[in-house]
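Values in this document were obtained by computation on a predicted structure and should not be read as measured data. In the text below, chain A, chain B and the rest are named by the order of the sequence lines, each starting its count at 1. The analysis underlying the following values was restricted to heavy atoms, covering all of them including side chains, and did not include hydrogens, waters or symmetry mates.
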Amino acid sequence: MHLSPVLFLNIGLMAMLIVVAIAVVRMRSLFAIVMLQGVYSLLSAVWFVSLDAVDVAFTEAAVGAGVSTVLMLGAMLLTDRDVKPIATKQKLGPLLVVIVTGVAMFYAIGDMPAYGDGMSPANAYIGAEYIEATKREIFLPNVVTAVLASYRGYDTFGETVVIFMAGLGVLLLLGLNGNAGQWRAKPNGRNIAKNVTPPRKHIEEAEEKPKVKKTRKAAKPRVRKKS
Amino acid sequence: MNPHVILRVVAKMLIPLIALFAFYVQFHGDFGPGGGFQAGVIFASSIILYALIFGMAAAKKAMPPSWVRIGMSLGVLLYGGTGVATWLLGGNFLDYTRFAPESTHAAGQHWGIFSVELGVLCTVACAMLAIFYAFGSRVQDLSDEDW
Amino acid sequence: MTLEIIQLVVSGAFLISGVFFVLAGAVGVLRLPDFYTRMHAAGMTDTLGAEFIIFGLMVQAGFTQTSLKLFLIAFLLFLTSPTASHAVADAAHHAGLKPLLGKFRAPNPAEVKANKVEKH
(Lines give C-alpha, C1' and ligand atoms only; values in the text may rest on other atoms or scores of the structure.)
Protein backbone atom coordinates (compact mmCIF):
# COMPACT_ATOMS: atom_id res chain seq x y z
CA MET A 1 0.00 0.00 0.00
CA HIS A 2 1.16 3.46 -0.87
CA LEU A 3 1.91 5.46 2.28
CA SER A 4 1.92 9.16 1.55
CA PRO A 5 2.00 12.06 4.03
CA VAL A 6 -1.44 13.06 2.74
CA LEU A 7 -2.82 9.71 3.88
CA PHE A 8 -1.54 10.32 7.40
CA LEU A 9 -2.99 13.84 7.31
CA ASN A 10 -6.37 12.48 6.25
CA ILE A 11 -6.33 9.77 8.92
CA GLY A 12 -5.37 12.33 11.54
CA LEU A 13 -8.14 14.70 10.48
CA MET A 14 -10.73 11.93 10.47
CA ALA A 15 -9.61 10.85 13.94
CA MET A 16 -9.96 14.42 15.19
CA LEU A 17 -13.43 14.67 13.61
CA ILE A 18 -14.52 11.50 15.40
CA VAL A 19 -13.12 12.74 18.72
CA VAL A 20 -14.93 16.08 18.36
CA ALA A 21 -18.17 14.34 17.37
CA ILE A 22 -18.03 12.08 20.43
CA ALA A 23 -17.27 15.10 22.60
CA VAL A 24 -20.32 16.89 21.18
CA VAL A 25 -22.51 13.91 21.99
CA ARG A 26 -21.16 13.53 25.54
CA MET A 27 -21.18 17.23 26.50
CA ARG A 28 -23.84 18.75 28.72
CA SER A 29 -23.08 22.46 28.30
CA LEU A 30 -24.76 23.88 25.19
CA PHE A 31 -22.18 26.65 24.91
CA ALA A 32 -19.35 24.12 24.64
CA ILE A 33 -21.39 22.09 22.15
CA VAL A 34 -21.89 25.10 19.87
CA MET A 35 -18.19 25.90 20.02
CA LEU A 36 -17.25 22.28 19.31
CA GLN A 37 -19.53 22.28 16.30
CA GLY A 38 -17.54 25.25 15.02
CA VAL A 39 -14.37 23.24 15.57
CA TYR A 40 -15.94 20.31 13.70
CA SER A 41 -16.75 22.57 10.74
CA LEU A 42 -13.22 23.97 10.63
CA LEU A 43 -11.71 20.48 10.75
CA SER A 44 -13.92 19.27 7.94
CA ALA A 45 -12.99 22.40 5.95
CA VAL A 46 -9.32 21.45 6.33
CA TRP A 47 -10.19 17.94 5.24
CA PHE A 48 -11.98 19.27 2.13
CA VAL A 49 -8.88 21.27 1.25
CA SER A 50 -6.78 18.12 1.45
CA LEU A 51 -9.31 16.52 -0.94
CA ASP A 52 -8.80 19.46 -3.37
CA ALA A 53 -12.41 20.64 -2.95
CA VAL A 54 -11.43 24.24 -2.25
CA ASP A 55 -14.82 25.77 -2.99
CA VAL A 56 -16.59 23.40 -0.62
CA ALA A 57 -13.96 24.01 2.04
CA PHE A 58 -14.40 27.76 1.65
CA THR A 59 -18.16 27.48 2.08
CA GLU A 60 -17.80 25.15 5.05
CA ALA A 61 -15.37 27.51 6.79
CA ALA A 62 -17.51 30.59 6.13
CA VAL A 63 -20.94 29.10 6.82
CA GLY A 64 -20.27 26.23 9.21
CA ALA A 65 -17.58 27.73 11.38
CA GLY A 66 -18.45 31.40 11.02
CA VAL A 67 -22.08 32.33 10.69
CA SER A 68 -23.84 29.22 11.93
CA THR A 69 -21.87 29.26 15.20
CA VAL A 70 -23.08 32.79 15.84
CA LEU A 71 -26.65 31.91 14.89
CA MET A 72 -26.59 28.84 17.16
CA LEU A 73 -25.28 31.00 20.00
CA GLY A 74 -28.09 33.47 19.38
CA ALA A 75 -30.62 30.63 19.46
CA MET A 76 -29.01 29.18 22.57
CA LEU A 77 -29.35 32.48 24.44
CA LEU A 78 -33.12 32.19 23.98
CA THR A 79 -33.26 28.74 25.53
CA ASP A 80 -31.30 26.97 28.23
CA ARG A 81 -27.58 26.72 28.89
CA ASP A 82 -27.47 22.99 29.59
CA VAL A 83 -28.81 19.83 28.03
CA LYS A 84 -31.41 18.05 30.08
CA PRO A 85 -30.36 14.44 30.76
CA ILE A 86 -32.33 11.90 28.72
CA ALA A 87 -33.47 8.53 30.05
CA THR A 88 -31.55 5.56 28.67
CA LYS A 89 -34.77 4.00 27.32
CA GLN A 90 -35.36 6.96 25.02
CA LYS A 91 -31.88 6.63 23.59
CA LEU A 92 -32.42 3.09 22.27
CA GLY A 93 -34.49 4.03 19.22
CA PRO A 94 -32.03 6.63 17.87
CA LEU A 95 -29.15 4.24 18.62
CA LEU A 96 -30.80 1.55 16.49
CA VAL A 97 -31.29 3.99 13.60
CA VAL A 98 -27.68 5.17 13.82
CA ILE A 99 -26.32 1.60 13.92
CA VAL A 100 -28.39 0.50 10.92
CA THR A 101 -27.36 3.57 8.90
CA GLY A 102 -23.73 3.15 9.87
CA VAL A 103 -23.67 -0.51 8.88
CA ALA A 104 -25.35 0.33 5.56
CA MET A 105 -22.76 3.02 4.86
CA PHE A 106 -19.85 0.72 5.68
CA TYR A 107 -21.44 -1.87 3.40
CA ALA A 108 -21.61 0.75 0.62
CA ILE A 109 -17.93 1.70 0.93
CA GLY A 110 -17.00 -1.26 -1.26
CA ASP A 111 -18.91 0.23 -4.19
CA MET A 112 -17.33 3.67 -3.89
CA PRO A 113 -14.96 4.65 -6.71
CA ALA A 114 -11.35 5.25 -5.71
CA TYR A 115 -10.44 8.84 -4.89
CA GLY A 116 -9.55 10.70 -8.08
CA ASP A 117 -10.70 7.83 -10.32
CA GLY A 118 -11.11 9.25 -13.81
CA MET A 119 -13.60 6.55 -14.79
CA SER A 120 -15.94 7.06 -11.83
CA PRO A 121 -19.48 8.17 -12.78
CA ALA A 122 -18.93 11.64 -11.34
CA ASN A 123 -15.87 12.26 -13.49
CA ALA A 124 -16.48 10.23 -16.63
CA TYR A 125 -19.66 11.40 -18.35
CA ILE A 126 -21.11 14.84 -17.82
CA GLY A 127 -18.33 16.09 -15.53
CA ALA A 128 -15.71 15.58 -18.21
CA GLU A 129 -17.99 17.29 -20.72
CA TYR A 130 -18.38 20.35 -18.52
CA ILE A 131 -14.65 20.60 -17.89
CA GLU A 132 -13.97 20.34 -21.59
CA ALA A 133 -16.77 22.70 -22.68
CA THR A 134 -16.05 25.44 -20.13
CA LYS A 135 -12.81 26.31 -21.90
CA ARG A 136 -14.60 26.52 -25.24
CA GLU A 137 -17.95 28.07 -24.29
CA ILE A 138 -17.50 30.21 -21.20
CA PHE A 139 -13.81 31.17 -21.07
CA LEU A 140 -13.61 31.00 -17.29
CA PRO A 141 -10.69 29.42 -15.42
CA ASN A 142 -12.90 28.30 -12.52
CA VAL A 143 -15.06 25.41 -13.73
CA VAL A 144 -17.01 25.34 -10.47
CA THR A 145 -18.33 28.85 -11.03
CA ALA A 146 -19.17 28.06 -14.66
CA VAL A 147 -21.12 24.93 -13.70
CA LEU A 148 -22.82 26.61 -10.74
CA ALA A 149 -23.93 29.81 -12.42
CA SER A 150 -24.30 28.86 -16.07
CA TYR A 151 -24.71 25.15 -16.79
CA ARG A 152 -26.61 24.53 -13.58
CA GLY A 153 -28.20 27.98 -13.35
CA TYR A 154 -31.62 26.50 -12.60
CA ASP A 155 -30.30 24.62 -9.57
CA THR A 156 -28.54 27.68 -8.21
CA PHE A 157 -31.72 29.69 -8.71
CA GLY A 158 -33.52 27.08 -6.64
CA GLU A 159 -30.86 27.25 -3.94
CA THR A 160 -31.11 31.02 -3.79
CA VAL A 161 -34.88 30.75 -3.42
CA VAL A 162 -34.39 28.17 -0.64
CA ILE A 163 -32.16 30.58 1.28
CA PHE A 164 -34.66 33.36 0.65
CA MET A 165 -37.45 31.16 2.00
CA ALA A 166 -35.38 30.30 5.08
CA GLY A 167 -34.87 33.98 5.81
CA LEU A 168 -38.52 34.69 5.08
CA GLY A 169 -39.70 31.92 7.38
CA VAL A 170 -37.59 33.18 10.26
CA LEU A 171 -38.83 36.72 9.63
CA LEU A 172 -42.48 35.61 9.63
CA LEU A 173 -42.05 33.62 12.84
CA LEU A 174 -39.82 35.93 14.85
CA GLY A 175 -39.84 39.36 13.19
CA LEU A 176 -36.78 41.43 12.44
CA ASN A 177 -36.85 43.46 15.62
CA GLY A 178 -37.97 40.80 18.07
CA ASN A 179 -39.52 42.70 20.90
CA ALA A 180 -36.33 43.88 22.48
CA GLY A 181 -35.77 41.39 25.25
CA GLN A 182 -39.29 41.15 26.65
CA TRP A 183 -39.94 37.77 25.13
CA ARG A 184 -39.43 34.55 26.98
CA ALA A 185 -39.72 30.99 25.81
CA LYS A 186 -42.61 29.41 27.74
CA PRO A 187 -43.45 25.99 26.31
CA ASN A 188 -46.51 24.58 28.15
CA GLY A 189 -46.40 27.60 30.43
CA ARG A 190 -43.06 26.59 31.93
CA ASN A 191 -40.54 29.38 32.13
CA ILE A 192 -37.54 27.43 30.86
CA ALA A 193 -35.46 30.53 30.23
CA LYS A 194 -35.35 31.78 33.77
CA ASN A 195 -31.63 32.34 33.80
CA VAL A 196 -31.54 33.77 30.27
CA THR A 197 -33.34 37.04 30.75
CA PRO A 198 -32.32 38.39 34.12
CA PRO A 199 -34.83 41.05 35.11
CA ARG A 200 -33.48 44.44 34.25
CA LYS A 201 -34.94 47.67 35.41
CA HIS A 202 -36.61 48.81 32.23
CA ILE A 203 -38.22 45.42 31.73
CA GLU A 204 -39.62 45.33 35.23
CA GLU A 205 -41.01 48.78 34.68
CA ALA A 206 -42.53 47.74 31.40
CA GLU A 207 -44.21 44.75 33.02
CA GLU A 208 -45.57 46.74 35.90
CA LYS A 209 -47.26 49.23 33.62
CA PRO A 210 -51.06 48.98 33.29
CA LYS A 211 -52.34 46.63 30.66
CA VAL A 212 -53.98 49.18 28.38
CA LYS A 213 -50.71 50.94 27.83
CA LYS A 214 -48.90 47.69 27.17
CA THR A 215 -51.18 46.58 24.37
CA ARG A 216 -50.86 49.94 22.71
CA LYS A 217 -47.15 49.61 22.90
CA ALA A 218 -47.17 46.07 21.56
CA ALA A 219 -49.13 47.15 18.52
CA LYS A 220 -46.26 49.37 17.46
CA PRO A 221 -43.11 47.48 16.52
CA ARG A 222 -40.59 48.47 19.10
CA VAL A 223 -37.31 49.56 17.63
CA ARG A 224 -34.74 50.16 20.28
CA LYS A 225 -33.66 53.75 20.05
CA LYS A 226 -30.06 54.80 20.47
CA SER A 227 -29.11 55.20 24.09
CA MET B 1 -12.50 53.20 30.39
CA ASN B 2 -14.48 50.73 28.36
CA PRO B 3 -13.42 47.18 29.27
CA HIS B 4 -13.69 46.10 25.64
CA VAL B 5 -11.49 48.82 24.23
CA ILE B 6 -9.01 46.39 22.64
CA LEU B 7 -11.79 44.42 20.98
CA ARG B 8 -13.37 47.60 19.68
CA VAL B 9 -10.17 49.01 18.23
CA VAL B 10 -9.22 45.75 16.52
CA ALA B 11 -12.75 45.23 15.24
CA LYS B 12 -12.78 48.73 13.76
CA MET B 13 -9.65 47.79 11.82
CA LEU B 14 -10.93 44.36 10.81
CA ILE B 15 -14.53 45.01 9.75
CA PRO B 16 -13.67 47.04 6.61
CA LEU B 17 -11.09 44.40 5.69
CA ILE B 18 -13.66 41.61 6.05
CA ALA B 19 -16.19 43.49 3.92
CA LEU B 20 -13.51 44.15 1.31
CA PHE B 21 -12.55 40.47 1.36
CA ALA B 22 -16.20 39.60 0.72
CA PHE B 23 -16.16 41.66 -2.46
CA TYR B 24 -12.82 40.15 -3.47
CA VAL B 25 -14.34 36.70 -3.10
CA GLN B 26 -17.38 37.84 -5.07
CA PHE B 27 -15.59 39.33 -8.05
CA HIS B 28 -12.66 36.92 -8.05
CA GLY B 29 -15.01 33.94 -8.03
CA ASP B 30 -14.60 33.51 -11.80
CA PHE B 31 -10.88 32.85 -11.38
CA GLY B 32 -10.46 31.23 -7.98
CA PRO B 33 -12.55 29.58 -5.31
CA GLY B 34 -15.45 31.68 -4.21
CA GLY B 35 -18.66 33.17 -5.46
CA GLY B 36 -21.92 34.68 -4.34
CA PHE B 37 -22.68 32.25 -1.51
CA GLN B 38 -19.35 32.58 0.23
CA ALA B 39 -19.14 36.33 -0.36
CA GLY B 40 -22.62 36.83 1.03
CA VAL B 41 -21.81 34.91 4.18
CA ILE B 42 -18.54 36.78 4.66
CA PHE B 43 -20.23 40.15 4.17
CA ALA B 44 -22.96 39.18 6.64
CA SER B 45 -20.33 38.07 9.14
CA SER B 46 -18.68 41.50 8.98
CA ILE B 47 -21.98 43.11 10.03
CA ILE B 48 -22.53 40.38 12.65
CA LEU B 49 -19.07 41.09 14.10
CA TYR B 50 -20.04 44.75 14.30
CA ALA B 51 -23.25 43.82 16.09
CA LEU B 52 -21.45 41.51 18.54
CA ILE B 53 -18.96 44.16 19.57
CA PHE B 54 -20.85 47.45 19.31
CA GLY B 55 -24.32 46.17 20.10
CA MET B 56 -27.42 45.33 18.10
CA ALA B 57 -28.72 48.91 18.01
CA ALA B 58 -25.56 50.22 16.36
CA ALA B 59 -25.60 47.42 13.78
CA LYS B 60 -29.22 48.16 12.96
CA LYS B 61 -28.27 51.76 12.36
CA ALA B 62 -25.44 50.71 10.05
CA MET B 63 -27.53 48.12 8.20
CA PRO B 64 -31.22 48.92 8.79
CA PRO B 65 -33.67 46.00 8.92
CA SER B 66 -35.61 47.53 6.06
CA TRP B 67 -32.54 47.21 3.82
CA VAL B 68 -32.22 43.60 4.90
CA ARG B 69 -35.85 42.93 4.03
CA ILE B 70 -35.54 44.63 0.64
CA GLY B 71 -32.13 43.15 -0.20
CA MET B 72 -33.30 39.62 0.47
CA SER B 73 -36.01 39.80 -2.15
CA LEU B 74 -33.99 42.00 -4.48
CA GLY B 75 -31.39 39.26 -4.88
CA VAL B 76 -33.95 36.67 -5.96
CA LEU B 77 -35.52 39.24 -8.28
CA LEU B 78 -32.12 40.00 -9.81
CA TYR B 79 -31.49 36.31 -10.43
CA GLY B 80 -34.93 35.71 -11.88
CA GLY B 81 -34.77 39.01 -13.77
CA THR B 82 -31.60 37.86 -15.53
CA GLY B 83 -33.49 34.81 -16.72
CA VAL B 84 -36.44 36.92 -17.85
CA ALA B 85 -34.08 39.30 -19.64
CA THR B 86 -32.67 36.40 -21.64
CA TRP B 87 -36.27 35.47 -22.48
CA LEU B 88 -36.94 38.97 -23.76
CA LEU B 89 -33.77 38.84 -25.85
CA GLY B 90 -35.11 35.74 -27.55
CA GLY B 91 -33.27 32.95 -25.74
CA ASN B 92 -34.14 30.31 -23.18
CA PHE B 93 -34.39 31.01 -19.45
CA LEU B 94 -30.87 31.84 -18.14
CA ASP B 95 -29.30 31.48 -21.60
CA TYR B 96 -26.63 34.12 -21.07
CA THR B 97 -25.14 34.03 -24.56
CA ARG B 98 -28.08 36.24 -25.62
CA PHE B 99 -26.50 39.22 -23.86
CA ALA B 100 -23.68 39.32 -26.42
CA PRO B 101 -24.42 36.81 -29.20
CA GLU B 102 -21.56 37.93 -31.44
CA SER B 103 -18.86 37.86 -28.78
CA THR B 104 -15.95 35.53 -29.49
CA HIS B 105 -14.89 35.17 -25.85
CA ALA B 106 -18.35 34.56 -24.36
CA ALA B 107 -18.88 38.05 -22.96
CA GLY B 108 -22.58 37.31 -22.63
CA GLN B 109 -21.83 34.39 -20.31
CA HIS B 110 -19.60 36.63 -18.22
CA TRP B 111 -22.31 39.30 -17.89
CA GLY B 112 -24.90 36.69 -17.00
CA ILE B 113 -22.73 35.01 -14.38
CA PHE B 114 -21.83 38.42 -12.92
CA SER B 115 -25.44 39.48 -12.52
CA VAL B 116 -26.57 36.11 -11.19
CA GLU B 117 -23.77 36.01 -8.61
CA LEU B 118 -24.68 39.53 -7.53
CA GLY B 119 -28.23 38.34 -6.91
CA VAL B 120 -26.94 35.39 -4.86
CA LEU B 121 -24.72 37.76 -2.84
CA CYS B 122 -27.67 40.02 -2.04
CA THR B 123 -29.99 37.21 -0.98
CA VAL B 124 -27.47 35.24 1.06
CA ALA B 125 -26.04 38.24 2.92
CA CYS B 126 -29.45 39.65 3.73
CA ALA B 127 -30.98 36.29 4.68
CA MET B 128 -28.11 35.58 7.10
CA LEU B 129 -28.50 39.06 8.59
CA ALA B 130 -32.26 38.62 8.83
CA ILE B 131 -31.86 35.37 10.79
CA PHE B 132 -29.24 36.99 13.02
CA TYR B 133 -31.40 40.07 13.63
CA ALA B 134 -34.43 37.91 14.36
CA PHE B 135 -32.60 35.82 16.96
CA GLY B 136 -30.41 38.59 18.31
CA SER B 137 -33.18 41.10 18.86
CA ARG B 138 -35.04 38.69 21.10
CA VAL B 139 -32.23 38.58 23.62
CA GLN B 140 -31.58 41.78 25.44
CA ASP B 141 -27.99 42.91 25.42
CA LEU B 142 -26.25 40.84 28.05
CA SER B 143 -23.91 42.59 30.39
CA ASP B 144 -20.66 40.87 31.34
CA GLU B 145 -21.93 39.90 34.77
CA ASP B 146 -24.89 37.93 33.41
CA TRP B 147 -22.77 35.15 32.01
CA MET C 1 21.89 29.27 -7.77
CA THR C 2 23.36 30.79 -4.62
CA LEU C 3 20.20 32.88 -4.31
CA GLU C 4 18.12 29.72 -4.31
CA ILE C 5 20.30 28.19 -1.60
CA ILE C 6 19.97 31.33 0.52
CA GLN C 7 16.20 31.26 -0.02
CA LEU C 8 16.04 27.62 1.03
CA VAL C 9 18.16 28.15 4.14
CA VAL C 10 16.30 31.27 5.28
CA SER C 11 12.85 29.79 4.71
CA GLY C 12 13.93 26.56 6.38
CA ALA C 13 15.15 28.46 9.42
CA PHE C 14 11.86 30.35 9.60
CA LEU C 15 9.82 27.17 9.26
CA ILE C 16 11.84 25.27 11.87
CA SER C 17 11.58 28.10 14.40
CA GLY C 18 7.86 28.33 13.67
CA VAL C 19 7.40 24.62 14.27
CA PHE C 20 9.44 24.94 17.48
CA PHE C 21 7.13 27.63 18.83
CA VAL C 22 3.98 25.75 17.86
CA LEU C 23 5.31 22.61 19.56
CA ALA C 24 6.23 24.62 22.63
CA GLY C 25 2.69 25.97 22.69
CA ALA C 26 1.25 22.46 22.39
CA VAL C 27 3.44 21.15 25.22
CA GLY C 28 2.49 24.18 27.28
CA VAL C 29 -1.22 23.61 26.78
CA LEU C 30 -0.85 20.01 27.90
CA ARG C 31 1.54 20.53 30.81
CA LEU C 32 0.68 23.87 32.41
CA PRO C 33 -1.57 23.72 35.45
CA ASP C 34 -4.42 26.21 35.02
CA PHE C 35 -6.44 28.14 32.45
CA TYR C 36 -4.46 31.37 32.40
CA THR C 37 -1.05 29.77 31.99
CA ARG C 38 -2.42 27.51 29.26
CA MET C 39 -3.92 30.54 27.56
CA HIS C 40 -0.53 32.19 27.77
CA ALA C 41 1.16 29.18 26.15
CA ALA C 42 -1.46 28.78 23.43
CA GLY C 43 -1.95 32.44 22.60
CA MET C 44 1.56 33.78 22.59
CA THR C 45 3.44 30.92 21.03
CA ASP C 46 0.71 30.29 18.50
CA THR C 47 0.86 33.83 17.21
CA LEU C 48 4.63 33.73 16.93
CA GLY C 49 4.76 30.21 15.51
CA ALA C 50 2.13 30.88 12.85
CA GLU C 51 3.85 34.14 11.89
CA PHE C 52 7.22 32.38 11.53
CA ILE C 53 5.73 29.61 9.40
CA ILE C 54 3.99 32.11 7.13
CA PHE C 55 7.16 34.18 6.76
CA GLY C 56 9.04 31.02 5.86
CA LEU C 57 6.48 30.26 3.17
CA MET C 58 6.72 33.87 1.96
CA VAL C 59 10.47 33.56 1.51
CA GLN C 60 9.93 30.35 -0.41
CA ALA C 61 7.32 31.97 -2.69
CA GLY C 62 9.58 34.90 -3.58
CA PHE C 63 8.18 38.14 -5.01
CA THR C 64 4.87 36.77 -6.29
CA GLN C 65 1.18 37.30 -5.75
CA THR C 66 1.14 34.29 -3.43
CA SER C 67 3.68 36.05 -1.25
CA LEU C 68 1.46 39.12 -1.03
CA LYS C 69 -1.53 37.01 -0.06
CA LEU C 70 0.56 35.26 2.59
CA PHE C 71 1.60 38.65 3.92
CA LEU C 72 -2.04 39.68 4.22
CA ILE C 73 -2.81 36.44 6.08
CA ALA C 74 0.13 37.11 8.40
CA PHE C 75 -1.16 40.64 9.03
CA LEU C 76 -4.64 39.34 9.79
CA LEU C 77 -3.26 36.67 12.17
CA PHE C 78 -1.08 39.28 13.83
CA LEU C 79 -4.21 41.30 14.60
CA THR C 80 -6.72 38.56 15.41
CA SER C 81 -4.73 35.94 17.31
CA PRO C 82 -3.65 38.13 20.24
CA THR C 83 -7.08 39.78 20.30
CA ALA C 84 -8.79 36.41 20.53
CA SER C 85 -6.49 35.34 23.37
CA HIS C 86 -7.18 38.63 25.14
CA ALA C 87 -10.94 38.24 24.68
CA VAL C 88 -10.96 34.68 26.04
CA ALA C 89 -8.77 35.52 29.02
CA ASP C 90 -10.82 38.66 29.70
CA ALA C 91 -14.06 36.67 29.58
CA ALA C 92 -12.63 34.11 32.02
CA HIS C 93 -11.53 36.91 34.34
CA HIS C 94 -14.99 38.47 34.19
CA ALA C 95 -16.62 35.13 34.86
CA GLY C 96 -14.61 35.02 38.09
CA LEU C 97 -12.12 32.28 37.31
CA LYS C 98 -9.29 32.63 39.82
CA PRO C 99 -5.77 31.92 38.64
CA LEU C 100 -3.90 29.11 40.37
CA LEU C 101 -1.39 30.75 42.69
CA GLY C 102 1.86 29.27 43.98
CA LYS C 103 3.71 30.08 47.20
CA PHE C 104 5.34 33.15 45.73
CA ARG C 105 3.43 36.37 46.16
CA ALA C 106 4.36 39.47 44.19
CA PRO C 107 5.32 42.22 46.64
CA ASN C 108 2.76 44.94 47.09
CA PRO C 109 4.22 48.12 45.52
CA ALA C 110 2.96 50.33 48.34
CA GLU C 111 4.69 48.17 51.00
CA VAL C 112 7.93 48.06 49.03
CA LYS C 113 7.97 51.84 48.90
CA ALA C 114 7.31 52.10 52.61
CA ASN C 115 10.16 49.65 53.40
CA LYS C 116 12.55 51.61 51.24
CA VAL C 117 11.65 54.82 52.98
CA GLU C 118 12.22 53.16 56.37
CA LYS C 119 15.62 51.81 55.37
CA HIS C 120 16.94 55.17 54.21
* Which atom names give the shortest non-hydrogen contact between A/Gly167 and B/Ala127, and what distance separates them? -> CA-CB, 4.4 Å
* **Shortest non-hydrogen contact between B/Pro33 and A/Asp55, atoms and distance** => CA-OD2, 3.5 Å
* Check the angle between the aromatic planes of B/Phe21 and A/Phe58 and answer parallel, tilted or perpendicular using the 30° and 60° thresholds. => tilted
* Structure fact -> So CZ of B/Phe135 and CE of A/Met72: to nearest 0.5 Å the spacing works out to 9.5 Å
* To do: For chain B, find which of A/Ala75, A/Pro141, A/Ala57 contributes the most heavy-atom pairs closer than 4.5 angstrom.
  => A/Pro141
* Side chain, backbone, both or neither of A/Thr156 within contact of chain B (heavy atoms, under 4.5 Å) -> both
* Asked: Would you say B/Ile113 and A/Ile138 make side-chain contact, with heavy atoms under 4.5 Å?
  -> yes
* Asked: Ignoring hydrogens and geometry, is there a side-chain-to-backbone donor-acceptor pair from A/Asn142 to B/Gly32 under 3.5 Å?
  -> yes
* Structure fact -> Assert top hit (heavy-atom pairs under 4.5 Å, partner chain B, pool A/Val161, A/Leu71, A/Val170, A/Leu171) equals A/Leu71
* **Any donor-acceptor pair under 3.5 Å from B/Tyr79 side chain to A/Gly158 backbone** => no
* Do you know which of A/Thr59, A/Val143, A/Leu173 has the most heavy-atom pairs under 4.5 Å to chain B? -> A/Thr59
* Measuring heavy-atom distances to chain B, does A/Val144 have an atom under 4.5 Å in its side chain, in its backbone, in both, or in neither? -> neither
* Asked: Is it the case that more than 12 heavy atoms not belonging to A/Phe48 sit under 6.0 Å from its CZ atom?
  -> yes
* To do: Using a 4.5 Å cut-off on heavy atoms from C-beta on, say whether the side chain of B/Gln109 contacts that of A/Leu140.
  => no
* Checking heavy atoms, do the side chain of B/Phe31, its backbone, both or neither come under 4.5 Å from chain A? -> both
* Proximal component of B/Ser73, with respect to chain A [non-hydrogen, under 4.5 Å] -> both
* **Donor-acceptor contact below 3.5 Å, side chain B/Thr123 vs main chain A/Phe164** => no
* Would you find more than 12 non-hydrogen atoms of other residues, nucleotides or ligands less than 6.0 Å from A/Arg136 atom CZ? -> yes
* **A/Ile163 side chain near B/Met72 side chain, heavy-atom distance below 4.5 Å** => no
* Considering residues, nucleotides and ligands other than A/Met35, do more than 12 of their heavy atoms fall under 6.0 Å from its CE? -> yes
* To do: With B/Ser45 as reference, evaluate A/Val63, A/Val67, A/Thr69 under the side chain to side chain contact (heavy atoms under 4.5 Å, CB included) test and give the passing residue.
  => A/Val67
* Structure fact -> Heaviest contributor of heavy-atom pairs below 4.5 Å to chain A, chosen from B/Asp30, B/Leu94, B/Val41, is B/Asp30
* For B/Ile131, is it the side chain, the backbone, both, or neither that has a heavy atom closer than 4.5 Å to a heavy atom of chain A? -> both
